[in-house]
There are 4 protein chains.
Amino acid sequence: MRKAPKQKRSREMVSRLLDATAATIARRGLDGTTTNHIADQAGVSIGSVYQYFPDKEALVESLLTRMGEQAGRRFRQQAKKVDIDTMNLQQVALSAIQFGIYSIRRDPLTYEMIRNWSRVPIHKLLDPLEQAFLVAAQPYFLKHYSNYPVHNLETKLYVVINSTIFTAIRYVIQDDSMIEEKELVATLSDMIVRTLEPVVH
Amino acid sequence: MRKAPKQKRSREMVSRLLDATAATIARRGLDGTTTNHIADQAGVSIGSVYQYFPDKEALVESLLTRMGEQAGRRFRQQAKKVDIDTMNLQQVALSAIQFGIYSIRRDPLTYEMIRNWSRVPIHKLLDPLEQAFLVAAQPYFLKHYSNYPVHNLETKLYVVINSTIFTAIRYVIQDDSMIEEKELVATLSDMIVRTLEPVVH
Amino acid sequence: MRKAPKQKRSREMVSRLLDATAATIARRGLDGTTTNHIADQAGVSIGSVYQYFPDKEALVESLLTRMGEQAGRRFRQQAKKVDIDTMNLQQVALSAIQFGIYSIRRDPLTYEMIRNWSRVPIHKLLDPLEQAFLVAAQPYFLKHYSNYPVHNLETKLYVVINSTIFTAIRYVIQDDSMIEEKELVATLSDMIVRTLEPVVH
Amino acid sequence: MRKAPKQKRSREMVSRLLDATAATIARRGLDGTTTNHIADQAGVSIGSVYQYFPDKEALVESLLTRMGEQAGRRFRQQAKKVDIDTMNLQQVALSAIQFGIYSIRRDPLTYEMIRNWSRVPIHKLLDPLEQAFLVAAQPYFLKHYSNYPVHNLETKLYVVINSTIFTAIRYVIQDDSMIEEKELVATLSDMIVRTLEPVVH
DNA sequence: CATGAATGAGTATTCATTCAT
DNA sequence: AATGAATGAATACTCATTCAT
């Protein structure tokens, strides 16, 4: 009974600090973000930051975890609306990639995190997405290809998801202007469909 | 005539500094590498480093360029040995990926560079590889599919190469133990073959 | 109420850092002064220096401003004692210059600052002095020459003050032993009096 | 006989190095000038520079000495043309100052040297000028004021010359826009005339 | 619990000068 | 005498983290 308010206050503080971290990274980039910037943004002292997080790394990791959860939730909500019976995989993949590229381009935080994927525990963001995609895809495959090898599916999804994400990222970041975005998106979704296609005997 | 020895010495120094840079990055990581470490490793003074390279960035870029050239050369040598008539694309891709993953696992330098792909001009390393792959693949496509749409091929190769590289990298770096390496390699090469397959009418 | 002690502490730190800057420049010269020397002299860490001043330049500028304020104050105090009715301008100027030369000779800091006048914002030091002199001189001119052309006075004071300061500085610094100090001072004050003398119709 | 060509070559080299120093300081400023820049500009190796001058300081000092000699020569040539009988001191001073300000503004080398007067042995430049002015002025005073106290004259010229030079310098460098250049020049020459004026009994 | 002042290790780069060739 | 490659001391500034209040 006595602990409740403290825990609530604590949860509020954590959330506030993560908001501040997100806003700061979005505005100043990962390299440009200092712990003091985050404290300022959160409107608390730097000491308080260290009361709730052991170090800067923990702050970023927590933020990524939260981003992963949110992204997974959004993905599941989107997935609900898709009518498996009328839309084919190509269409779904295409709009998903388009939406993904758009999201990265519009969300500086995600952009910055993914840009620095090797320096942050990016899997905290990607794993939930992968998981959500896996769950959402399962019924599709069960319906269309009744005996799709499920274990195989997992690896295929791993390949397909990572391929799509990082190819898209590299394209967005490095602005390889030789290739049209439309064509890239088409080729990527083509890659997805072809790769996921069960082997035809 | 008089300049020859100087040019040679200069080339030797450049090479020595790049070796030192490579060794230092391999041992201490990109972030842990300072210009003074490089000078120490090369056995020269820090001043000499700046006599040959304007700044740290130039050092890393030159190293990546050299790595790209070497990788391209190695790739072409490997490609020579492949007998297009007896080996199919699946087999080629499979051994190439296996070799690639092995290389990254064994070469901490490549590992570190690719790990920091967004902070270094990684294209200096990847472009020659892409180019080499493109050149090596051309006869294959000419042989098997006489009128493969070449422009389309470019985008497809972009997708295929980046997908393979970054998925492999992510796999190696993050040690996603849920998936077997063998299966990943198989799935990746499968993805390559399926994606590059011309559309069958 | 709560901010008071902090502001006090802050003011104390600023003052302490300026003291340290002054002492260090006085002892080691402007070129020989590093930010770490200043921190050492102040008995604080280098980080603290940068908590209160954005860079070295700001430190020097603040010091000059403080020096200007102090010099202006001292000048006004001296000026109070002068009895306009009994002392003439020649006498006032003479003692002022004597005092000035003495000050520079005894104060290595002022000496060093003025020696480097073109590399530091020396006007922060000289402007208050000029202003103080202008204010102090006004009643004198009002009394003796009721309708002295004020705008003209500004330029004349500019010439007179700069001439005096820099000629004295050059004399002190370069130790031109051909000329007696007494004679120089006399000639300078003579110059001042003659130059400020309103035109007689 | 055998030494002659060497001495000639030596003199040529010294002259060449001074030219290079002058050009480099004029173009890059005193702080921006390195010994290697000078060697490049002279088209010789840095080692050769140190064959002829012990250090950078000696290079600058020699250059200032040469500048002083040239300035003195130019001054004497100008002075020849002035007709003492028809021109009065006010006119001479005025045009001299105007010419001086113009020279400093147009000659980046002189500007840069004078701007850094406290860090270079500026007297090597100014002493010959003072001397030349002293010599040139002597007959003028002898003619107009037959029993002008000569010793006094020396000090007065010291004051007048330094006052003029440094006030003008400060004006040019710091661009004190509150004061019109015309007015400053007029006031300075007024100061000169009034100060040099023999005491009227 | 909160504060925020203080800490100090860490790093890229410059340039006058030397000396082996 | 000439070369120019090599030297290396020296310096301003950052920022994650601590701890006394």
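Worth knowing before you read on, the calculation uses all heavy atoms, side chains too, and leaves out hydrogens, waters and symmetry mates. Proteins get letters first, then strands, A, B, ... in listed order; numbering begins at 1 in each. All values derive from a computational prediction rather than experimental measurement.
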For atom [atom1] of [X] and atom [atom2] of [N], their distance in whole Å:
| X | N | atom1 | atom2 | value |
| --- | --- | --- | --- | --- |
| B:Gln51 | F:dT3 | CD | C1' | 13 Å |
| A:Leu17 | E:dC1 | CG | P | 13 Å |
| B:Asp55 | E:dT14 | CG | P | 9 Å |
| C:Lys56 | F:dA12 | NZ | P | 4 Å |
| A:Met13 | E:dC1 | CE | P | 10 Å |
| D:Leu30 | E:dC15 | CG | C1' | 14 Å |
| A:Tyr50 | F:dC19 | OH | C1' | 14 Å |

Presence of [X] side-chain N/O under 4.0 Å of [N] phosphate oxygens OP1/OP2:
| X | N | result |
| --- | --- | --- |
| D:Thr34 | E:dC15 | no |
| D:Tyr52 | F:dA2 | yes |
| C:Ser48 | E:dA5 | no |

### Task
Could you say whether A:Asn36 or B:Ser45 is positioned toward the 5' end of DNA chain F, judged by the nucleotide with the nearest heavy atom to each?
B:Ser45

### Query
In terms of the nearest nucleotide of DNA chain F, which residue is placed more toward the 5' end: C:Thr35 or A:Gly32?
C:Thr35

### Query
If you count the non-hydrogen atoms of other residues, nucleotides and ligands that lie under 6.0 Å from CD in C:Gln70, is the total more than 12?
yes

Return the nucleotide paired to [N]: Watson-Crick means purine N1 to pyrimidine N3 with N6-O4 or O6-N4, wobble means G-U with N1-O2 and O6-N3, both under 3.5 Å.
| N | answer |
| --- | --- |
| F:dA20 | E:dT3 |
| F:dG8 | E:dC15 |
| E:dG10 | F:dC13 |

Does [X] reach the side chain of [Y], with side-chain heavy atoms less than 4.5 Å apart?
| X | Y | value |
| --- | --- | --- |
| D:Thr33 | D:Thr21 | no |
| D:Gln41 | D:Arg27 | yes |
| A:Val14 | A:Phe53 | yes |

## Note on the structure
Comparing D:Glu57 with B:Asp31, nearest DNA chain E nucleotide closer to 5' gives the residue B:Asp31

### Task
Nearest-nucleotide wise, let me know which of C:Val44 and B:Gly47 is further upstream toward the 5' end of DNA chain E.
C:Val44

### Task
Taking only Lys NZ, Arg NE, NH1 and NH2, and the carboxylate oxygens of Asp or Glu, determine whether B:Glu69 and B:Arg66 approach each other closer than 4.0 Å.
no

